[in-house]
Amino acid sequence: MLEFAEGQHTDRKTLFVEVILPLAIAINYTYRVPFEMNDEVAVGKRVVVQFGKSKMYTAIIARISEQAPEKYEAKYIMDILDAAPIVSLQQLQFWAWLADYYLCNTGEVMNAALPSALKLASETKIELNKEYEIDRNTLNDREYLIVDALEIQPELTVSDIAKLLGQKTVMPILKLMFEKNIILISEEVSDRYKPRMRTFITLNPVYRDPDQLKELFSILEKRAPKQADAVLAYIQLSRKQKAVSKNELTEASGAGSAIIKSLIEKEVFFAEEKNVSRLQSGDDELEANFELSEAQLVALGEIRQEFEGKDVVLLHGVTSSGKTQLFIRLIEEMVNSGRQVLYLLPEIALTTHIVERLRKYFGNAIGVYHSRFNDNERVEVWQKVLSGQYRVVLGARSSVFLPFSNLGLIVVDEEHETSYKQFDPAPRYNARDAAIYLGNMYKAKVLLGSATPSMESYYNAHNGKYGFVELTERFGGVEMPTTEVVSIAEETKKKTIQSHFTSVLMNDITTALANKEQVILFQNRRGYAPIIICKVCAYTPKCINCDVSLTYHKSSGKLHCHYCGYKEESPSVCPACGSTQLEYKGFGTEKVEDELKLLLPEARIARMDLDTTRSKNAFQNILNDLDEHRIDILAGTQMVAKGLDFAGVTVIGIISADSLLKYPDFRANERAFQMLSQVSGRAGRRGKQGKVVIQTYDPGHRVIKQVIENDYVDLYNTEMTERKSFKYPPFYRLIQLDIKHKDPEVLYHQAEYLAKELRKHFDDRVIGPEYPLVGRIRNYFIKSIMMKFEKDGISLPKVKATIKDVILQFNTTKLSKGSIIQPDVDPY
DNA sequence: AGCACGCCGACT
DNA sequence: GTCGGCGTGCTC
């Protein structure tokens, strides 16, 4: 690789750059650098290149060379977008690793990594040719439609037209119209990042003189009293804040913008356009003083000690043991030593909560980054990390892609959370694992924190690969809650159960309400009833895309698919046989809420699940309501379990643990343990021990016992042995329309199963592939793996290599619809 | 990702 | 016959 010092003259050389294109393409493409740009090219800068017939893309320079490509003529780069690289060499290394590890292309990683405002791609625009007089009689139906649409909306894209005509191939039609001069086709590139501009108002300094000001008022009051009001409003505002924006002034004075405008014309006010940040900054005073408990201090010492020998440490701390405070101390140390810190969180919802806490300690040196930020905001965070203005970044999984320069510490909070894993578009990465690689690259320490660590991290800690620190005491002397397991079967027999609520749970709820305490009920299913079945013909409505049973939602009166979001009207008679005997089986949060309202009409009951938190502030509003005790009972899905402390909640009811325990995949026990202990962990507060009621048909289940005793070690040991003999049904849960799981771990697992079938001996086993199989795998995908296995034999490295081979081949090959394997066993 | 080219079934 | 869907290959 060649590097050029700034300003050095390299005119005579012809340079070529290899660039990463933001596409799913296997290799980097080479472009030629025009002489006048020789001094400006540098690895990590963005360039605009033409790729294919007419498309323009933003690409990143990955390599510079003097070697002209032999087999083809390189096109010229069209433009260099950056004065300084926006991506570092380390980031490029990280991208390459990620692409290799998760079996995808660097371009796909680039796509995930860069905020889309930094990636400008051209778009094909269709317009009417104004030079041309259209004779409508010569147009055919489709041309007529297109011309009609263009008269309403002057610019359309190719996909707009495809939608308009209801067909997929439109290019030939457009080309013909272009040749007939009816339309124009052009490529348009637009820079999408726009700084936010605000107009700020200042008072003409002349009026700092009180006499002048008095005179101004006396004139204005007579001739333009509204203008006088505006000036007055300005003076009041400017006392409170440093700068007054035009918007604030119009709002405060109640004056229209015409009034402000005339004051600006009279030069009473000066207006000035300023670039303002969209990012919220904390004005809170810094208060860095809090005392760590004895147990926390011990743990902190241990973490430091472990970090001397290990790069990754797993902190296993029970719920509300004050892990966050430990993190803050460590972050503080790191920031003081001049290095950057990345604090990863699994969900955006958690950020607001913790940002508030962290802002108190780190003020404006802390940045937040997650997918709910719009593009412009993301670019601003990117730039602030790049410039080093942000010392601490708090964010969701995508923040591993930010341009850090001297990262010293990465904290991965709630390490076990599955939302660290990206599923849908490639790269299908797990941010926790990526963070470990990132840490290694930057020589930074990585701290994984969890109350219920994942099997794989625990395994690594167990084997000495990671350091391990425990925190077994709740912070502030809050006791661990007591837990009672209630048999639903028994209460049903004794007829003491009302609806889905056992007498034990009802008692605890009513007692809590009488004491003005709050209750959380957990049911891990949303909607009203997950299955509808016809009593006559046993017909069950299923999703047309996913082949899973549709859930009845009472609030919408519709049947919803929880996999893909498909909805249809709820039938009143059986669509198959016409019978009216439709049975609603099972129950979700809607039903829990509904029935409880009947049983306890006085109580204020709310529900928290995906359906009630869809709107922007709904989640926060429910939390506030709970916080300020406008809610007595909150029924919800796992959302109620996620990392939030509710001060007034003393009773937690798990309506049915069985849906967790019977969940048919091999990570079910681990997940059930996590879920149950997380929910339980919310019970209790200072001076009042919490109570957890677990309702179940299977009170003797080992996971329930492990949860009650908080015996993680036992869970780990039993899982490690039981998983080795886990039996997979043939083509276990292979539903879904694409090869989604290109994860090495998952594939490895898949291959493992297939290999077992083929050779009947294969006993080495990875613990915990990250995810259960949820894909309907294409026929010949499996066939190719099998064929290759037959050919290559079955050693471990060979299995891995084979899979990689097959997958990379499949990445660029689309498979036909006809070759879908029907699952032999479908657990739904 | 887009786009061109070529094959093949389903319509005027 | 021809049109449009779909598979395949290529883009520096």
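If you're wondering where the values come from, they're calculated on a predicted model, not measured in any experiment. In the text below, chain A, chain B and the rest are named by the order of the sequence lines, each starting its count at 1.
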Fill in: Closest to the A:Ile25 side chain, choosing from C:dG5, C:dC12, B:dA1
B:dA1
Worksheet item: Can you tell me if A:Tyr31 uses its side chain to pair, donor with acceptor, with the backbone of A:Gln50 under 3.5 Å?
Response: yes
Worksheet item: Rounded to the nearest 0.5 Å, what separation is found between the CG atom of A:Leu438 and the CZ atom of A:Phe404?
Response: 7.0 Å
Practice prompt. Starting at atom CD of A:Gln167, determine the distance to atom P of C:dC3, rounded to an integer number of angstrom.
Written response: 11 Å
Item to complete: Using atom CE of A:Met78 as one end and atom C1' of C:dT11 as the other, report the distance to the nearest whole Å.
Response: 15 Å
Discussion item. According to side-chain hydrogen bond (donor to acceptor under 3.5 Å, both in side chains), who are the partners of A:Asp82, at least two apart in sequence or on a separate chain?
Written reply: A:Arg46
Discussion item. Can you list everything that forms a salt bridge (Lys or Arg N to Asp or Glu O under 4.0 Å) with A:Lys558? Sequence neighbours excluded, please.
Written reply: A:Glu569
Worksheet entry | Whole-Å distance separating the NZ atom of A:Lys55 from the C1' atom of C:dC12 | 18 Å
Worksheet item: Just how far, in rounded Å, is C1' of C:dC10 from CD1 of A:Ile27?
Response: 10 Å
Worksheet item: Which value, rounded to the nearest 0.5 Å, describes the distance between A:Leu21 atom CG and A:Met110 atom CE?
Response: 7.5 Å
Practice prompt. Would you classify A:Tyr31 as touching base, sugar-phosphate or nothing, given that sugar-phosphate means primed atoms plus P, OP1 and OP2, and contacts are heavy atoms under 4.0 Å?
Written response: sugar-phosphate
Fill in: Between B:dG2 (C1') and A:Glu123 (CD): distance, integer Å
12 Å
Item to complete: Using atom CE of A:Met56 as one end and atom C1' of C:dT11 as the other, report the distance to the nearest whole Å.
Response: 15 Å
Worksheet entry | Distance, nearest 0.5 Å, that separates CG of A:Leu165 from CG of A:Asp160 | 11.0 Å
Worksheet item: Quick one: A:Ile77 CD1 to C:dT11 C1', roughly how many Å, whole number?
Response: 18 Å
Please list, for nucleotides 4-9 of chain B, all pairs of protein and nucleotide N/O atoms separated by less than 3.5 Å.
unit_1	atom_1	unit_2	atom_2	d
B:dA4	OP1	A:Lys175	NZ	2.8

Item to complete: Identify, with sequence neighbours excluded, every residue that meets ring-ring contact (aromatic ring centres under 6.0 Å, His included) alongside A:Phe94.
Response: A:Phe401
Worksheet item: Which residues in residues 67-74 of chain A have at least one heavy atom lying under 4.0 Å from any atom of DNA chain C?
Response: A:Tyr72, A:Glu73, A:Ala74
Worksheet item: Could you state the CG-P distance from A:Leu23 to C:dG9, rounded to the nearest angstrom?
Response: 19 Å
Practice prompt. Give a yes or no answer on whether the side chain of A:Glu377 reaches the backbone of A:Asn374 with a donor-acceptor pair at less than 3.5 Å.
Written response: yes
Determine all donor-acceptor pairs shorter than 3.5 Å in which one atom belongs to a side chain in residues 143-154 of chain A; sequence neighbours excluded.
unit_1	atom_1	unit_2	atom_2	d
A:Glu143	OE1	A:Asn140	N	3.2
A:Glu143	OE1	A:Lys180	NZ	3.3
A:Glu143	OE2	A:Lys180	NZ	3.0
A:Tyr144	OH	A:Arg136	NH1	3.4
A:Asp148	OD1	A:Arg136	NH1	3.0
A:Glu151	OE1	A:Arg136	NH2	2.5
A:Glu151	OE2	A:Arg136	NH2	3.1

Practice prompt. Ignoring backbone atoms, test whether A:Thr124 places a side-chain nitrogen or oxygen under 4.0 Å from the OP1 or OP2 oxygen of B:dC3.
Written response: yes
